[in-house]
Amino acid sequence: MRYIYILIILGCLSCNNERVLQLPEIENAKVTEVLDVSPAYIFYDETQPDSTLLNRKNLIITTNWLVNVDKRLTLRQAIPHIKFLQDKKRNAEMHKNEDAKNYFTCNDTSIGSLGFLEFTDVEFITTNEIIDLQTEIKIIDTSYKRNELDSTKLVNSLSGIYYRNIDLKFGFINNKYIIFDDYKISNAEVAKPLFFDYLNYRIETELLANAFKIKLHFSSSISFQEYIWIKSNLLKLNSKMVIIKHEEFIYETEKLDN
């Protein structure tokens, strides 16, 4: 597998300390170029108490920030540093640029170059609360698919916008993600490889709504690579039908086997 590495030579006259940062991988990034930037780096470093090291020396408040996070880190390790950077920019009092954005830097394997995922407005909310994981059905194959659905005609005939609230839960069960809807009718535990196809199916064939508000819930134990993979797939949903809420909930949980 091909990786893009960022090699950082830390400026130190008494030593030659080279660090390697492995970028998370995505495909077909919507953003492939960002101008007027300054970088921050969150390294994987086993010599540190939490195995992370933040380098923010080169950040300039008025620029777009490229936050480079090592894909091997978990959310538990990475999110505190990311929140710290967000607060630093949001709370800046001098030389503030309201148009400046924040991006995660990624390796876009579809073009063999960099891709970027914006997170300017995301609010990471960490919690120790217990998350409800009860489900009624399990999706492990593609038998849920149908050729023709009358619901499409029904949704198209609706006048106005009818929202459905959906909660997506990632990293709490081995090899599966969870979809909860606000009617608690068909909460589904879905095999990872099928998840986004099934989510699209649920959105496109919903009988009682023609738009969706999605809330995201993550286990703190998932890798940053998995987090970026999830977020990049969510961006590929039909944007006219879906609103993804800015608040992302991170639950303190133990690492799963996979």
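This one's a predicted model, so the numbers in the text were calculated from it and none came from an experiment.
- Residues Lys231 and Glu248 are paired through a salt bridge, judged by an N-O separation under 4.0 Å between the basic side chain and the carboxylate.
- Using a 4.5 Å heavy-atom threshold, the side chains of Val34 and Leu66 count as touching.
- Considering Lys169, Gln134, Lys138 in turn, Lys138 is the only one that fulfils the side chain to side chain donor-acceptor pair (under 3.5 Å) rule with Glu189.
- For the residue pair Glu118 and Thr120, a side-chain donor N or O sits within less than 3.5 Å of a side-chain acceptor on the partner.
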- Task: Begin with the C-alpha distance, continue with both residues' side-chain angles, and end with the deciding distance and a verdict on side-chain contact (heavy atoms from CB on, under 4.5 Å) for His246 and Lys215.
- Result: CA-CA 8 Å; His246 295 311; Lys215 182 188 296 184; over 6 Å; no
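- Residues satisfying the side chain to side chain donor-acceptor pair (under 3.5 Å) test with Gln48, not counting sequence neighbours, are none.
- In this structure, CG on Asn97 lies 10.0 Å from CD1 on Ile61, to the nearest 0.5 angstrom.
- In this structure a side-chain-to-backbone donor-acceptor pair under 3.5 Å is missing from Asp108 to Gly115.
- A 4.5 Å side-chain heavy-atom check between Ile82 and Leu85 finds every atom pair outside the cut-off.
- Side-chain atoms of Phe218 and Leu216, non-hydrogen and from C-beta on, do get closer than 4.5 Å to each other.
- In the model, Ser38 has no side-chain atom that pairs as donor or acceptor with a side-chain atom of Asn58 under 3.5 Å.
- For residues 114-134, the ring pair (Phe, Tyr, Trp, His ring centres under 6.0 Å) pairs, not counting sequence neighbours, are Phe104-Phe119.
- Both tests do not hold together for Lys236 against Phe196: distance to the six-membered ring centre under 6.0 Å, angle to the ring axis within 45°.
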- Message: For Leu21 and Val69: C-alpha separation, side-chain torsions, deciding distance, then whether side-chain contact (heavy atoms from CB on, under 4.5 Å) applies.
- Response: CA-CA 7 Å; Leu21 191 152; Val69 183; over 6 Å; no
- Message: Run the side-chain contact (heavy atoms from CB on, under 4.5 Å) test on Val190 and Lys176 for me, step by step, so that the C-alpha distance in whole Å, both residues' side-chain angles and the decisive distance to 0.1 Å come before the verdict.
- Response: CA-CA 5 Å; Val190 187; Lys176 298 180 181 66; over 6 Å; no
- Task: Take Val242 and Ile203 through the side-chain contact (heavy atoms from CB on, under 4.5 Å) test and state the conclusion after the steps.
- Result: CA-CA 8 Å; Val242 172; Ile203 289 172; 3.7 Å; yes
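- Checking side-chain atoms of Thr126 against main-chain N and O of Ile250 turns up no donor-acceptor pair under 3.5 Å.
- In terms of modelled atom types and a separation under 3.5 Å, the side chain of Asp181 and the main chain of Ile179 share no donor-acceptor contact.
- Minimum heavy-atom separation, Asp70 to Phe224: O-CB, 3.9 Å.
- Taken from CD1 in Ile228 to SG in Cys106, the straight-line distance is 4.5 Å, to the nearest 0.5 Å.
- Of the possible donor and acceptor atoms, one in the side chain of Thr109 sits under 3.5 Å from a partner among the backbone N and O of Ile26.
- For the atom pair Ile222 CD1 and Leu75 CG, the distance stands at 4.5 Å (nearest 0.5 Å).
- Checked by atom type and distance alone, the side chain of Ser223 never pairs as donor or acceptor with a backbone atom of Leu73 at under 3.5 Å.
- Every residue was checked against the side chain to side chain donor-acceptor pair (under 3.5 Å) condition with Ser232, not counting sequence neighbours, and none meets it.
- Within the 4.5 Å cutoff, no side-chain heavy atoms of Gln86 are placed close to those of Glu123.
- Put simply, Leu133 and Phe249 are part of the same group of oily side chains (I, L, V, M, F, W, Y) that touch within less than 4.5 Å, one to the next.
- The distance from atom CD1 of Ile79 to atom OG1 of Thr52, rounded to the nearest 0.5 Å, is 12.0 Å.
- Val31 is not connected to Ile111 by any chain of hydrophobic side-chain contacts under 4.5 Å among Ile, Leu, Val, Met, Phe, Trp and Tyr, and they are in different clusters.
- When every heavy atom of Gly171 is checked against every heavy atom of Ser219, the shortest pair comes out as O-CB, 3.3 Å.
- For Lys89, the side chain to side chain donor-acceptor pair (under 3.5 Å) test picks out Asn102, with sequence neighbours left out.
- Shown here for Leu23 and Lys71, the closest heavy-atom pair between the two residues is O-CD, 3.5 Å.
- No side-chain heavy atom of Ile42 sits less than 4.5 Å from a side-chain heavy atom of Leu53.
- Applying the ring-ring contact (aromatic ring centres under 6.0 Å, His included) criterion to Tyr251, with sequence neighbours excluded, gives Phe172, His217.
- The heavy-atom pair separating Ile139 from Ala188 by the smallest distance is CG1-CB, 4.3 Å.
- In this structure, OH in Tyr177 is found 12.0 Å from CG in Leu194, a value given to the nearest 0.5 Å.
- Under 3.5 Å, the side chains of Tyr227 and Gln225 contain no donor-acceptor pair of N or O atoms.
- Taking all atoms of both residues into account, the shortest heavy-atom contact from Val20 to Arg72 is O-NH2, 3.8 Å.
- One N or O on the side chain of Asn55 and one on the backbone of Lys57 form a donor-acceptor pair closer than 3.5 Å.
- Among residues two or more places apart in sequence or in another chain, the side chain to side chain donor-acceptor pair (under 3.5 Å) test is passed with Asn64 by none.
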- Item | Step-by-step salt bridge (charged side-chain N to carboxylate O under 4.0 Å, His left out) determination, Arg76 to Asp50 | CA-CA 9 Å; Arg76 179 185 296 112; Asp50 61 353; over 6 Å; no
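- For NZ of Lys245, the number of neighbouring non-hydrogen atoms (other residues, nucleotides, ligands) closer than 6.0 Å is greater than 12.
- For Thr63 (side chain) and Trp65 (main-chain N/O), no donor-acceptor pair under 3.5 Å exists by modelled atom type.
- By the criterion of side-chain heavy atoms lying less than 4.5 angstrom apart, applied directly or through intervening Ile, Leu, Val, Met, Phe, Trp or Tyr residues, Tyr41 is not grouped with Ile60; the two fall into different hydrophobic clusters.
- Between Ile214 and Leu237 there is a side-chain heavy-atom pair separated by less than 4.5 Å.
- The OH atom of Tyr198 sits 6.5 Å away from the OH atom of Tyr201 when rounded to the nearest 0.5 Å.
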